[in-house]
**Student:** 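Here it is: the structure, laid out below.
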Amino acid sequence: MLPLAGSIINERSEGLFIRMRTFPGSYLSVLSGKLFIYFMVALVQFALVLVVGKYILPLLGLPVLDIGTHFFSLIVLTINLALAAVVYGLLVGTLFSTPQQSAVFGGISILIMSALGGIWVPLNIMPHFMQTVSSLSPLNWALMGYYELFIKGGDWFAIQFQVIKLVVFFIVALAVSYRLFKLKMRLY
């Protein structure tokens, strides 16, 4: 998220964005290519985490990561999580004017979403109010989906609502990014 946001801001601040608009084709095609690369990086990161959990951690005496048997559900959840992360980077990059602003906001917002989402503190020891608040975090939706698949042996029906929430987040963040982009273009 942070490198993508910083890249988008640098393009605007260094004038590269204006030069790219002179290229044949639309800026959307350039932006789509950039988003696709970051999306692929997110998928590679996930694959590396699985490899570490499956093959490297057992060498250290830790249990093997059991990824279950519902590979389709795992792939769908991971793709939607990667899309949500990439579009969040796009939103932050569109919203702020300097890389420092995006880095501070992006880093702090991810920390807050992970703390509220149950990644730092297990949800079952949080007060009931905080458990309710945690259900608003996209990181919680992903975590609950992976819990269902890895720990509970769930299938598509067990994670479909988590995936739907991630898809809605993706659509809303993309729409807000687009509106902000159009608004900023009027100001240039």
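All figures in this text were calculated on a predicted structure; none of them were measured in a lab.
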**Student:** Would you indicate whether the side-chain heavy atoms of Arg179 and Leu183 approach each other to under 4.5 Å?
**Tutor:** no
**Student:** Are Leu65 and Val51 connected into the same hydrophobic cluster when the rule is that any two of I, L, V, M, F, W, Y join if their side-chain heavy atoms are below 4.5 Å apart?
**Tutor:**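 The answer is no; the residues belong to distinct hydrophobic clusters.
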**Student:** Would a hydrophobic clustering, with Ile, Leu, Val, Met, Phe, Trp and Tyr connected at side-chain separations under 4.5 Å, put Val49 with Met144?
**Tutor:**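 Different hydrophobic clusters.
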**Student:** Given Val92 and Phe96, is the side-chain contact (heavy atoms from CB on, under 4.5 Å) satisfied, shown in steps?
**Tutor:** CA-CA 6 Å; Val92 170; Phe96 293 101; 3.9 Å; yes
**Student:** Looking at Thr94 and Ser177, what are the two nearest heavy atoms and their distance?
**Tutor:**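 Closest heavy-atom pair between Thr94 and Ser177: CG2-O, 3.5 Å.
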**Student:** Can any side-chain N or O of Ser102 pair as donor or acceptor with the backbone N or O of Pro99 at less than 3.5 Å?
**Tutor:** yes
**Student:** Rounded to the nearest 0.5 Å, how far apart are CG of Leu48 and CD1 of Ile56?
**Tutor:** 9.5 Å
**Student:** Tell me whether Ser134 contacts the main-chain N or O of Gly117 through its side chain, where contact means a donor paired with an acceptor under 3.5 Å.
**Tutor:**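 The answer is no, because no donor-acceptor pair under 3.5 Å joins these two groups.
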**Student:** Any side-chain to backbone donor/acceptor pair from Gln101 onto Ser97? Under 3.5 Å, distance only.
**Tutor:**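 Side chain of Gln101 to backbone of Ser97, a donor-acceptor pair under 3.5 Å: yes, one is there.
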**Student:** Search all heavy atoms of Ala84 against all heavy atoms of Phe170 and return the closest pair with its distance.
**Tutor:**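 Shortest heavy-atom contact: N-CD1, 4.4 Å.
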**Student:** Which side-chain N or O atoms in residues 122-131 pair as donor and acceptor under 3.5 Å with protein atoms at least two apart or in another chain?
**Tutor:**
unit_1: Gln131; atom_1: NE2; unit_2: Leu123; atom_2: O; d: 2.7
unit_1: Gln131; atom_1: NE2; unit_2: Met126; atom_2: O; d: 2.9

**Student:** What heavy-atom pair brings Gly145 and Gln162 nearest, and what distance separates the two atoms?
**Tutor:** N-CG, 4.0 Å
**Student:** Using the rule that two of Ile, Leu, Val, Met, Phe, Trp, Tyr join whenever any of their side-chain heavy atoms come within less than 4.5 Å, decide whether Met113 and Val133 are in one cluster.
**Tutor:**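 Same cluster.
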**Student:** Treat each ILVMFWY residue as a node, draw an edge where side-chain heavy atoms are under 4.5 Å apart, and state whether Leu83 and Ile164 are in one component.
**Tutor:**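 Yes, because Leu83 and Ile164 connect within a single hydrophobic cluster, where side-chain heavy atoms sit under 4.5 Å apart.
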**Student:** Minimum heavy-atom separation for Trp156 to Ser73, with atom names?
**Tutor:** N-OG, 3.0 Å
**Student:** I'd like to know whether Phe39 forms a side-chain contact (heavy atoms from CB on, under 4.5 Å) with Ile79, so could you lay out the CA-CA distance, the side-chain angles of the two residues, the decisive distance to 0.1 Å, and finally the verdict.
**Tutor:** CA-CA 8 Å; Phe39 171 73; Ile79 285 172; 3.9 Å; yes
**Student:** Can you give me the closest heavy-atom contact between Ala158 and Glu148, atom names plus distance?
**Tutor:** CB-OE1, 3.4 Å
**Student:** Would you give the length of the straight line joining atom CG of Leu74 to atom OG1 of Thr78, rounded to the nearest 0.5 angstrom?
**Tutor:**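 Nearest 0.5 Å value for the CG-OG1 distance: 4.5 Å.
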**Student:** Taking atom CG of Leu149 and atom NZ of Lys152, what is their separation to the nearest 0.5 Å?
**Tutor:** 11.0 Å
**Student:** If you round to the nearest 0.5 Å, how far is CG of Leu95 from CG of Leu90?
**Tutor:**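 One finds 11.0 Å between CG of Leu90 and CG of Leu95.
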**Student:** Go through the side-chain N and O atoms of Ser109 and Tyr88 and say whether any donor and acceptor fall under 3.5 Å apart.
**Tutor:** yes
**Student:** Which heavy-atom pair separates Ala142 from Leu81 by the least distance, and what is that distance?
**Tutor:** CB-CD1, 3.6 Å
**Student:** May I ask you to decide if Ser135's main-chain N or O and Trp141's side chain share a donor-acceptor pair within less than 3.5 Å?
**Tutor:**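 Yes; at least one donor-acceptor contact below 3.5 Å.
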**Student:** Could you tell me which residues satisfy ring pair (Phe, Tyr, Trp, His ring centres under 6.0 Å) with Phe150, sequence neighbours excluded, listed by chain and number?
**Tutor:** Tyr146
**Student:** Could you go through Val64 and Leu57, starting from their C-alpha distance and side-chain angles, then the distance that decides it, and tell me whether this counts as side-chain contact (heavy atoms from CB on, under 4.5 Å)?
**Tutor:** CA-CA 7 Å; Val64 175; Leu57 291 181; over 6 Å; no
**Student:** When rounded to the nearest 0.5 angstrom, what is the spacing between CZ in Phe105 and CG in Leu91?
**Tutor:**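 If I round to the nearest 0.5 Å, the distance is 7.5 Å.
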**Student:** Mind checking the CD1-CG spacing from Ile110 to Leu139? Nearest 0.5 Å is all I need.
**Tutor:**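 Ile110 atom CD1 to Leu139 atom CG measures 5.5 Å (nearest 0.5 Å).
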**Student:** Are Val76 and Ile159 side-chain neighbours, meaning at least one heavy-atom pair lies under 4.5 Å?
**Tutor:**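 No, side chains not in contact.
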**Student:** Report yes or no: do Leu50 and Leu43 belong to one cluster of Ile/Leu/Val/Met/Phe/Trp/Tyr joined by side chain heavy-atom distances under 4.5 Å?
**Tutor:**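 Yes; Leu43 is reachable from Leu50 via cluster members.
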